[in-house]
Structures are given as structure tokens and as C-alpha cells.
Protein chains: 2
Amino acid sequence: MGDVARHAGVSSQTVSRVSNGYPGVIPETRELVLKAMDELGYRPNSAARALKLGSFHTIGVITFSLEAVGNHRTIQAISVAAAKAGYAVTLIPVDLPTQSGVEHAFGRLEELAVDAVAVIVEVHLLDRAKVVLPRGVPTVVVDSDAGDEYTVVDTDQADGARQATRHLIELGHTNIRHLAGPESSFAAQRRVDGWRESLSEAGLGAKEVMRGDWSAASGYEAGSILLADPDCTAVFCANDQMALGLYRAAAEAGRRIPEDLSVVGFDDSADTPAYSPPLTTIHQDFAEVGRRSVAAILEQLRTREQKPGTSIVPTRFIQRASTAPPAVSS
Amino acid sequence: MGDVARHAGVSSQTVSRVSNGYPGVIPETRELVLKAMDELGYRPNSAARALKLGSFHTIGVITFSLEAVGNHRTIQAISVAAAKAGYAVTLIPVDLPTQSGVEHAFGRLEELAVDAVAVIVEVHLLDRAKVVLPRGVPTVVVDSDAGDEYTVVDTDQADGARQATRHLIELGHTNIRHLAGPESSFAAQRRVDGWRESLSEAGLGAKEVMRGDWSAASGYEAGSILLADPDCTAVFCANDQMALGLYRAAAEAGRRIPEDLSVVGFDDSADTPAYSPPLTTIHQDFAEVGRRSVAAILEQLRTREQKPGTSIVPTRFIQRASTAPPAVSS
DNA sequence: CCCTAGGATGTTTACGTAAACATAGCACCG
DNA sequence: CGGTGCTATGTTTACGTAAACATCCTAGGG
């Protein structure tokens with residue numbers, strides 16, 4: 001900056017003013033400075049600026065993987081919302097879903113150029129690891145249970161599960177199974193709860209859930225076992241990908257969807273309208289989750305205080321073509 | 001840091017040494033400093049550190065969307081490879097795939113806390129926008145055509161397409177159509193080229209390609225049109241999601257896969273083994289792309305010079321169950 | 001014509017850190 | 001017993017910026 005100032009014959013402060021678009025610089029001088037900047041290939045140093053301003057304008061996102069549909073859509077939404085507020089997003093990958101992996105990620109957090117943190121990790125792993133988020137760093141926990149300590153933005157998983165289950169009940173199904181996500185996931189657990197709740201509300205029994213790991217392959221395997229039960233006419237899947245696996249299992253078992261088997265998914269991922277038949281599912285508003293997360297972070301940044309509490313984003317039922325009344329009643 | 005030093009009764013330089021784990025500090029002193037750090041809740045200031053060291057240990061990734069399978073898998077791989085080298089990854093989303101969107105993203109680049117940049121954007125947009133990457137910022141262009149100016153890491157799209165097409169030719173298909181990605185994509189274009197090349201090599205004619213936009217829905221639409229041609233016995237899809245759409249179109253047209261219609265995809269995305277039937281496809285080694293991109297960036301960071309050139313990551317043919325010899329010959 | 005107000009620009013300073021250099025203490029050797 | 005070399009620690013300095021304050025100049029009013 002000093003070089004530019006000398007080259008333009010002004011003071012470095014004037015260069016700073018031009019660089020930041022501050023008023024009070026005569027157009028003529030501005031031109032001079034811009035020309036000098038260009039000739040010298042000047043680029044502002046963000047480190048110095050961050051040091052001076054005390055902020056990086058950056059939000060860190062701690063996550064395991066972008067593979068899961070929910071994760072990358074949430075992160076995408078966060079990064080767009082953050083960009084809109086002039087913030088960038090730094091990914092902090094946790095390579096292994098283990099205690100040491102999480103610990104390591106949080107250790108790195110200390111040295112990262114980040115003003116705030118969004119955690120998209122099953123928090124029970126954090127607890128188990130006895131890792132505490134650095135004090136004083138504004139934090140939002142997304143789609144997970146964080147107790148009363150942090151600000152939480154969460155999708156209404158249980159209600160989504162209830163909507164899905166009630167839809168199947170209304171169609172007349174009585175043997176409604178659930179293809180659940182892994183036990184380690186809070187989201188999966190809450191979907192199980194919603195499903196179970198709706199069944200008992202309707203006076204229906206809940207058979208044991210089958211567990212997958214969110215992947216389509218696991219949906220196929222669990223689905224194959226599930227379909228061994230000839231009385232099962234409807235399955236609520238904890239996500240769309242496992243539903244896709246179930247489609248395959250159904251095809252191989254000679255069960256037509258929706259005539260012989262009704263299927264409801266969860267997520268409303270982009271592919272579902274092109275499933276064969278198009279999948280009836282629960283829409284998750286990831287964009288809204290991202291927006292609220294960023295809003296909560298900005299709020300904390302502004303007020304400088306952690307404000308525990310949970311913000312619940314509603315889900316929406318999307319009717320497509322994978323459900324029908326059970327064959328016996330048709 | 002000064003406070004900690006005073007509190008521990010040492011110099012700030014000793015605090016710095018402890019903070020960075022440098023040798024030459026007697027354990028006793030170290031303890032003293034650590035205790036003081038803890039009591040005062042000291043946390044190192046990354047801005048000051050970055051200013052002093054001249055590096056953020058951060059790589060910026062410019063991208064449109066995490067939605068596309070290729071994108072988020074590549075970014076995931078980059079972020080893991082970067083983390084392994086002690087680097088973090090900052091997302092720089094380009095909200096709109098337009099000139100102004102890209103320009104804006106590159107403008108922000110200047111003020112971002114980033115040492116290097118990986119560009120995962122169709123580069124022709126950059127050219128059209130006449131945006132130049134800031135000089136002096138090490139840059140790697142991923143999966144796109146960037147001429148001789150930048151270091152490029154690219155998947156061997158054309159060869160993948162040739163493998164897919166040759167497989168169908170070897171099965172005896174003669175009317176092999178292509179469900180291509182959007183014209184604006186270089187990757188899509190190179191897959192078209194590979195397909196066309198293999199056909200002409202085998203003395204087969206290439207009918208016009210159908211275009212989708214990578215989405216499953218577009219695959220369904222384009223596929224429906226494609227299947228109006230009763231002689232078409234095989235389709236090479238430019239990605240797996242469009243293949244899923246084609247599956248649906250085939251089901252609705254009463255064409256069984258693979259008996260009546262052979263399908264080959266591209267990407268080997270996680271869901272493909274659970275398609276019904278499991279999809280034969282081309283595996284893209286996104287992890288390798290990520291690793292090479294980071295390696296190239298670190299190399300540039302080390303040598304301080306741009307080293308134009310292209311690094312090609314091979315693809316692999318994955319045989320599953322969606323292809324068979326054409327019905328006429330069976 | 002002088003004084004004042006306000007706009008344009010310059011000067012000083014501090015942000016928190018780590019490298020470079022300086023110093024002090026101690027062990028070991030001849 | 002003095003010199004030599006090493007280890008542990010302290011002191012000084014600079015990284016590049018922007019806020020705060022200081023100064024200069026010009027226009028306009030009395």
C-alpha cells in the first residue's frame with residue numbers, strides 16, 4: 001500500500017480510502033490511485049485487514065461429508081446465505097466419524113480464520129468426545145440435538161415422519177413398516193419416533209424398524225428383508241435414497257409400486273420426480289435451514305452473546321405416485 | 001498474548017513458542033504458560049498469525065452449486081486432501097451462472113482470506129465474462145478447459161465415453177444413442193465427442209444427441225423422446241441421474257432393461273448399484289481429482305510459479321446389470 | 001479583507017503475532 | 001580456571017491495514 005501511495009504521490013491513508021470506497025476523495029485523486037494500483041498490481045492484504053477489523057467475514061462449517069443429500073444442500077444454502085451477507089464459508093471436514101476425528105477438527109478450529117461456526121455433525125459424538133466448542137465463538141448447531149447450550153436450527157423431522165405415516169394410514173394401510181436411518185443419527189431417531197407416534201395414535205401396532213445407513217444399497221438390503229413379510233403393504237423410508245433401494249428390492253420381489261406396495265420417502269431430493277414411479281416424499285426446506293443458521297450466526301456476531309434456543313423448520317408432504325390404497329381394499 | 005506473558009511471568013515470545021509447540025522451552029515453563037493461557041482463556045489470533053506468516057493455509061473453491069454429484073464429490077475430495085496438508089477450504093459460491101455472477105465472485109476473491117484458488121466452473125463463462133483470475137494467485141482449474149494458461153486437472157471424459165460406447169458396440173448394438181449433458185458444459189461436450197468417435201471407429205452412424213441438463217427429470221423427458229425411436233436398443237447417458245430418468249421413461253414405454261434396452265451411465269454415483277437393474281456406468285475418480293488439484297496447488301505455493309499443463313485422471317468401466325445384447329440377436 | 005467552516009488529504013498509531021537477534025546461564029573441555 | 005558452545009529465555013522489529021487525529025486549503029459570509 002505504501003508503494004502505491006508513493007507511486008501515486010499520495011498518502012497510504014488515501015490509498016486505503018480509495019481501496020475501501022470511502023467518500024471524501026476527489027475523483028481526480030481516486031483515478032490517480034487506481035492507476036497506481038493497477039500498474040503495481042496491488043491487491044489488498046486480507047490478513048492485515050482482518051487483523052485491523054477484528055473479523056474475517058468467514059463462517060466455518062464442521063461436517064463429516066458432503067455425500068449425504070441433506071449435508072450438501074444445507075451447506076450450499078448456508079454458503080449462499082452467507083455470501084449474501086458478505087461472509088464466506090470455510091469447510092472443516094472431520095475425516096473420521098470418531099472421537100479423535102472430531103477432536104482434531106475442533107483443535108484446528110482454534111487456528112482457523114473463522115468468526116463463527118456452524119456444526120453439522122451428530123452432536124452426541126461431540127459429547128462422547130468431551131469436546132467443547134471454543135468459548136466465545138458464536139456457534140449454531142444444525143439438524144442435531146445440542147441440549148440447551150447452543151443455538152439450534154432443526155428440521156421438524158418428527159412432524160415430517162408423522163405426515164408420511166398418516167398419509168399411509170389414511171390410504172387404509174395397517175401394516176406400515178419403517179426403513180430407518182442409522183441408530184447413531186438423531187434425525188433418524190426422530191423420524192422413527194414420529195412414525196411410531198402416528199401408528200399408536202391410529203391404534204396400529206409398530207413392528208420393529210429395519211435399519212439402513214442412508215445409502216441406496218442399504219435400502220436395497222434392508223428392503224429385501226422387509227419384503228419377506230408378505231403382509232407388508234406400505235413402507236415409510238427415512239430418506240429417498242433408501243427408498244430407491246427399496247424400489248429395486250420390490251422389483252426383484254415382484255411387488256409393483258404402488259399397486260402392491262406403497263412407499264414414502266424423506267428429503268425430496270432432486271431425483272425423486274424421476275423415480276419410477278415418482279416418489280411421494282417429505283420435503284425438507286434446506287434453504288430455509290441455511291438461511292436461519294446464517295441469520296442466527298449474524299445475530300450472535302452482532303450481539304456478542306450466545307442465545308440458546310431451537311428454531312424449527314417445518315416439512316411439507318409431497319404427493320407423487322408411489323402410494324395407493326392397499327391391494328386388499330382395492 | 002502479552003497478558004498471558006505477564007500473567008505467567010515470561011516474555012510474549014515464550015508464549016508464542018509454547019503456542020506453536022516449538023522446542024527449547026523447559027517443561028516447567030511450558031506448564032506455567034499453558035496454565036496462564038487457560039486461566040485467561042487465551043486463543044491465538046489467526047489474522048495476526050496469517051499476517052505474520054503471509055499465508056492463511058486456506059484454499060478457495062469457486063463453484064456454482066454443490067448439487068451436481070461431480071461437484072460435491074470433487075469438493076469433498078479437495079477438502080479432505082487439503083486438510084491432510086493442513087489447509088482449509090473456503091467456498092466461493094457463484095450465485096448465478098451469469099457473467100455478473102462470476103465477476104462478482106472474482107471480485108470478492110480479492111478480499112478473501114485465501115492463498116490459492118481451485119476453479120470448478122465451466123471456464124467458457126469466465127472467458128466470456130472477460131474475467132481474469134487475479135495474477136499471482138496460484139490457480140488450478142478442475143474438469144474444464146482452460147487453455148494453456150492454467151494448471152488443469154481433468155477427468156478423461158472422452159475415454160470414459162469411448163469405453164461406454166465400445167462396450168455397447170461389443171454387445172452387438174448398432175443403434176446407440178446418446179443422452180448428453182447441456183451444450184454449455186465442456187465435460188458434456190467431450191463425452192459427446194468420445195461417443196461419436198467410437199461409433200465412427202466401428203463404422204456406425206451417430207444419430208443426433210438428445211440434450212438434458214444433468215437432472216433426472218431432464219433424463220426422463222429426453223429419454224421419452226428418444227424411446228419413440230423403436231429401433232434404439234442402447235443409450236449411453238452422460239450421467240447417472242439422467243440414466244435414472246431414462247429408466248422411468250423406459251418403464252413407461254414398456255421397454256425392459258436390459259432385455260429391450262441397454263443403458264450405460266457416467267459418474268458411478270453412490271446410488272447406481274441400487275438402481276433397478278443396477279447401472280453399468282463409468283467410474284470417475286473424484287478423490288484422485290481432488291488429490292491432484294491440491295497437490296498442484298501446493299506445488300505452486302511452494303515454487304511460487306504458475307505451471308500450465310493438464311493432468312488427466314483416467315476413468316474406469318463398471319459392469320453391472322443394465323446392458324445386454326440387443327433383442328434381435330438374442 | 002479577514003475569519004470560519006468544512007472538505008480533502010496527511011501523520012501517527014495499534015491491531016497480535018513470530019522471526020531475527022540478543023543475552024544470560026550452565027556444562028564441559030583443555 | 002577461563003574459554004567455548006549450547007540451551008533457555010528476553011527484546012526488538014515488521015507484517016499491511018484503517019481508525020483517530022492533525023493539517024492544509026478553499027469558499028463563503030460578515
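Quantities reported herein were computed from a predicted structural model and do not represent experimental measurements. First the proteins, then the strands, lettered A, B, ... as listed; each starts at 1.
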**Q** Whether Tyr22(B) contacts dT17(C) is assessed here as follows: a side-chain N or O lying under 4.0 Å from the phosphate OP1 or OP2. Is that the case?
**A** no
**Q** Report each atom pair, protein N/O against N/O of nucleotides 8-12 of chain D, whose distance is under 3.5 angstrom.
**A**
residue: dT9(D); atom: OP1; partner: Thr29(B); partner atom: OG1; Å: 2.4
residue: dT9(D); atom: OP2; partner: Ile26(B); partner atom: N; Å: 2.9
residue: dG10(D); atom: OP2; partner: Ser11(B); partner atom: N; Å: 2.8
residue: dG10(D); atom: OP2; partner: Ser11(B); partner atom: OG; Å: 3.2
residue: dG10(D); atom: OP2; partner: Thr14(B); partner atom: OG1; Å: 2.8
residue: dG10(D); atom: N7; partner: Arg17(B); partner atom: NH2; Å: 3.0

**Q** Are the side chains of Val152(B) and Val140(B) in touch, meaning some heavy atoms are under 4.5 Å apart?
**A** no
**Q** Can you give me the N/O atom pairs linking the protein to nucleotides 23-28 of chain C at distances under 3.5 Å, or say none if there are none?
**A**
none

**Q** Report the nucleotide, chosen from dA19(D), dT17(C), dT17(D), that has the shortest atom-to-atom distance to any side-chain atom of Ala48(A).
**A** dT17(D)
**Q** Arg17(B): which residues meet the salt bridge (Lys or Arg N to Asp or Glu O under 4.0 Å) condition with it, sequence neighbours left out?
**A** none
**Q** Please list, chain by chain and in numerical order, all residues satisfying ring-ring contact (aromatic ring centres under 6.0 Å, His included) with His57(A), sequence neighbours excluded.
**A** Tyr87(A)
**Q** Quickly work out the Leu51(A) CG to dT17(D) P distance and round it to whole Å.
**A** 11 Å
**Q** Which nucleotide wins on minimum distance to the side chain of Asn45(A), given the candidates dA18(C), dA18(D), dG16(D)?
**A** dG16(D)
**Q** Look at the side chain of Pro44(A) and decide which nucleotide, out of dA14(D), dA18(D), dT17(D), has an atom nearest to it.
**A** dT17(D)
**Q** The criterion is side-chain hydrogen bond (donor to acceptor under 3.5 Å, both in side chains); which residues satisfy it with Thr90(A), sequence neighbours excluded?
**A** Thr90(B)
**Q** Could I get the full list of side-chain hydrogen bond (donor to acceptor under 3.5 Å, both in side chains) partners for Asp3(B), not counting sequence neighbours?
**A** Arg6(B)
**Q** Using the rule given for salt bridge (Lys or Arg N to Asp or Glu O under 4.0 Å), can you reason through Asp156(A) versus Arg190(A), listing the C-alpha separation, both sets of side-chain angles and the distance that settles it, and then say yes or no?
**A** CA-CA 9 Å; Asp156(A) 199 341; Arg190(A) 281 198 301 271; over 6 Å; no
**Q** Please report the end-to-end axis angle for the helix from dC1(C)-dG30(D) to dG30(C)-dC1(D), five pairs per end, rounded to 10 degrees.
**A** 50°
**Q** Suppose we screen for salt bridge (Lys or Arg N to Asp or Glu O under 4.0 Å). Which residues come up paired with Lys35(B), at least two apart in sequence or across chains?
**A** Glu39(B)
**Q** At less than 3.5 Å, do the side-chain atoms of Lys52(B) and the base atoms of dA14(D) form a donor-acceptor pair?
**A** yes
**Q** Go through the structure and list residues passing side-chain hydrogen bond (donor to acceptor under 3.5 Å, both in side chains) with Gln76(A), not counting sequence neighbours.
**A** none
**Q** Take atom CZ of Phe56(A) and atom C1' of dC15(C), then tell me their distance rounded to the nearest Å.
**A** 12 Å
**Q** Expressed in angstrom and rounded to an integer, what is the separation of Arg49(A) atom CZ from dA14(C) atom C1'?
**A** 17 Å
**Q** Apply salt bridge (Lys or Arg N to Asp or Glu O under 4.0 Å) to Asp115(B) and list each qualifying residue two or more places apart in sequence or on a separate chain.
**A** none
**Q** Under the rule for salt bridge (Lys or Arg N to Asp or Glu O under 4.0 Å), what residues qualify as partners of Arg49(B), not counting sequence neighbours?
**A** none
**Q** List in chain and number order the residues that pass side-chain contact (heavy atoms from CB on, under 4.5 Å) with Leu34(B), two or more places apart in sequence or in another chain; answer none if no residue qualifies.
**A** Val18(B), Arg30(B), Glu31(B), Met37(B)
